[in-house]
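Worksheet for the structure shown next.
Numbered from 1 within each chain, the chains take letters A, B, ... in sequence-line order. Atoms considered below: every heavy atom in the structure, side chains included; atoms not considered: hydrogens, waters and symmetry mates.
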There are 2 protein chains.
Amino acid sequence: MTSSPTADRPEPAPDDVDRLAGVDLAAEPIFLMARAAALGSSMANRGLAPLGLKVRSYSILAVACSGTGPTQRELGDLLRMRPSQTVAILDELEQRGLVERRTDPRDRRSKTVVPTGPGRELYASAKAAVDRAAETSLGALSPRDREDLARLLRLLAF
Amino acid sequence: MTSSPTADRPEPAPDDVDRLAGVDLAAEPIFLMARAAALGSSMANRGLAPLGLKVRSYSILAVACSGTGPTQRELGDLLRMRPSQTVAILDELEQRGLVERRTDPRDRRSKTVVPTGPGRELYASAKAAVDRAAETSLGALSPRDREDLARLLRLLAF
DNA sequence: TATTGTTATACTCTATAACTATA
DNA sequence: TATAGTTATAGAGTATAACAATA
């Protein structure tokens, strides 16, 4: 995420953090969110690694596969990254033959991003991997809790 | 923090992201969490900047002020950072006279981190700044929603 | 032999500014 | 004059391994 976009490291023994789980900081929503997001991204990165993707490149590929024909600027706004970052990741995805850049006929400054056949295929596998990571990450939550969480996060994220 | 630990940049016009807010990716909990966490950290960083702190250094200071006498390893586990990172931030905090390292008499390999007087004072201001940031960030949520969110995040984070 | 903290180093991610081409 | 994308570069953040002190 930004997060994001975070480390992919083994978890410490739970006992170690439990002793500090009662401090004031652990009650602050910003801290809780950052820690939960880091855990989730870490999990997702582990699942995506075999496919040669990370959360960022996966996210771009996912939006490219949405059928909305996003421009690079729109991608950057949604994923919170600078134009130069978007360019770098897109260069890699395009070089791997997963997406293509097409100049928008209505505004020839913009380029829309569309997936290739292999791009769609990889996205399907990648989405499955991310879903599995989410399943692991949200394992402690009931279906009802998951719905609530998604609703609340949507309010915050948009 | 992890995420984390993310950028501090101006928000794009909401209209720009709204067009893409309906894509599949925007329904994935890991993405939502990463984005919400990035927004929250960004807000917190803006509030902390005048005090010479960032989310990471603030977090260490906060745990140091908790009265639990955390060791550096415990800090690293809770905040998801490597020993070398902990050392670097702690060096800075100690140099500014905000915390002290004390060798644990029971295990002379470990060092516990305790705040100084000025450290406690700065923490008070910093916590107020972070609370204001959280207030802004959670503005869209009712008190009930905030409680639910905190509960769900605690389940995920620990 | 394993662990805590430290140092040094390399790598990744992110930020900034200058440039082009279009508008 | 402003915006989308590109490039180059620097900075912040993170990862890795070797080391000293202690267990």
Side-chain angles (χ1 to χ4, degrees), chain A residues 1-10 12-13 15-16 34 38 41-42 45-46 49 53-57 59-60 69-95 99-113, chain B residues 1-10 12-13 15-16 34 38 41-42 45-46 49 52-57 59-60 69-77 79-95 99-113:
Chain A
M1 284 159 6
T2 271
S3 286
S4 209
T6 310
D8 183 10
R9 75 189 183 105
D15 300 339
D16 296 337
S41 293
S42 174
N45 271 326
R46 269 201 287 275
L53 292 172
K54 300 182 182 181
V55 281
R56 279 292 167 72
S57 44
S59 299
I60 287 191
T71 67
Q72 296 188 198
R73 185 186 52 71
E74 286 175 325
L75 283 169
D77 288 347
L78 180 68
L79 305 178
R80 295 179 58 78
M81 44 189 182
R82 312 271 172 182
S84 52
Q85 268 179 76
T86 313
V87 168
I89 299 179
L90 231 32
D91 283 350
E92 192 201 318
L93 292 178
E94 196 169 32
Q95 217 164 9
V99 301
E100 285 174 6
R101 285 186 251 222
R102 293 190 186 156
T103 304
D104 185 341
R106 290 167 308 186
D107 183 344
R108 299 173 31 95
R109 291 174 302 182
S110 320
K111 297 180 180 172
T112 58
V113 180
Chain B
M1 54 167 34
T2 299
S3 192
S4 96
T6 312
D8 184 9
R9 75 190 182 103
D15 300 339
D16 296 337
S41 294
S42 173
N45 272 325
R46 268 202 287 276
L53 292 172
K54 301 183 181 180
V55 281
R56 279 294 168 71
S57 44
S59 299
I60 286 190
T71 67
Q72 297 188 198
R73 185 187 52 72
E74 287 175 326
L75 284 169
D77 287 348
L79 305 178
R80 293 179 59 78
M81 42 189 185
R82 312 271 173 182
S84 53
Q85 271 179 73
T86 313
V87 168
I89 299 178
L90 231 31
D91 282 350
E92 191 201 320
L93 292 178
E94 195 169 34
Q95 217 164 11
V99 302
E100 286 175 5
R101 284 187 253 221
R102 293 190 186 158
T103 304
D104 185 341
R106 290 167 307 185
D107 182 345
R108 300 173 32 94
R109 290 173 304 181
S110 319
K111 296 182 183 172
T112 57
V113 180

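Taking atom CD on Q72(B) and atom P on dT3(C), their separation rounds to 17 Å, with Å as the unit. N45(B) places its CG atom 9 Å from the P atom of dG13(D), with the value rounded to the nearest Å. In this structure, M81(A) atom CE and dA4(D) atom P are separated by 16 Å, rounded to whole Å. Whole-Å rounding puts the R82(A) CZ to dG11(D) P distance at 16 Å. If you take CG of L53(A) and C1' of dT12(C), they are 17 Å apart, rounded to a whole angstrom. Taking atom CD1 on I89(B) and atom C1' on dT14(D), their separation rounds to 11 Å, with Å as the unit. Going from atom CZ of R102(A) over to atom C1' of dG5(D) covers 18 Å, rounded to whole Å. As a whole-Å value, the separation of L79(A) CG from dA15(C) P is 14 Å.
When heavy atoms are screened at a 4.0 angstrom cut-off, T71(A) is found touching the sugar-phosphate backbone but no base atom.
The side chain of R56(B) sits closest to dT14(D) out of dA15(C), dT14(D), dT6(D). In this structure, the nucleotide among dT6(C), dA12(D), dT12(C) sitting nearest to the side chain of K54(A) is dT12(C). Nearest to the side-chain atoms of Q85(A) among the listed nucleotides dA15(C), dT4(C), dG5(D) stands dA15(C).
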Contacts under 3.5 Å, N or O only, protein and nucleotides 19-23 of chain C:
from: dT22(C); atom 1: OP2; to: R108(A); atom 2: NH2; distance (Å): 3.4
from: dA23(C); atom 1: OP1; to: R108(A); atom 2: N; distance (Å): 3.1

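Between the side chain of S41(A) and the backbone N or O of A38(A), no donor-acceptor pair lies under 3.5 Å. A distance-only check finds no donor-acceptor pair linking the side chain of S57(A) to the backbone of I89(A) [under 3.5 Å].
Across E74(B) and P70(B), no two heavy atoms sit closer than the pair OE1-CA, 3.4 Å.
How far OG1 of T86(A) is from NZ of K111(A): 12.5 Å, rounded to the nearest 0.5 Å. Rounding to the nearest 0.5 Å places CE of M81(B) at 9.5 Å from CD of Q72(B).
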Go through V113(B) and T71(B) one step at a time and tell me if the side-chain contact (heavy atoms from CB on, under 4.5 Å) criterion holds.
CA-CA 6 Å; V113(B) 180; T71(B) 67; over 6 Å; no

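Within 3.5 Å, a donor on the side chain of S84(B) pairs with an acceptor on the base of dT16(D), or the reverse.
Taking a cutoff of 4.0 Å between a charged side-chain nitrogen and a carboxylate oxygen, D104(A) and R108(A) do not qualify as a salt bridge.
In this model, the phosphate group of dT6(D) is approached by a side-chain N or O of R101(A) to a distance below 4.0 Å at OP1 or OP2.
When each of P83(B) and P83(A) is assigned the nucleotide of DNA chain D with its nearest heavy atom, P83(A) is the one assigned upstream, toward the 5' end.
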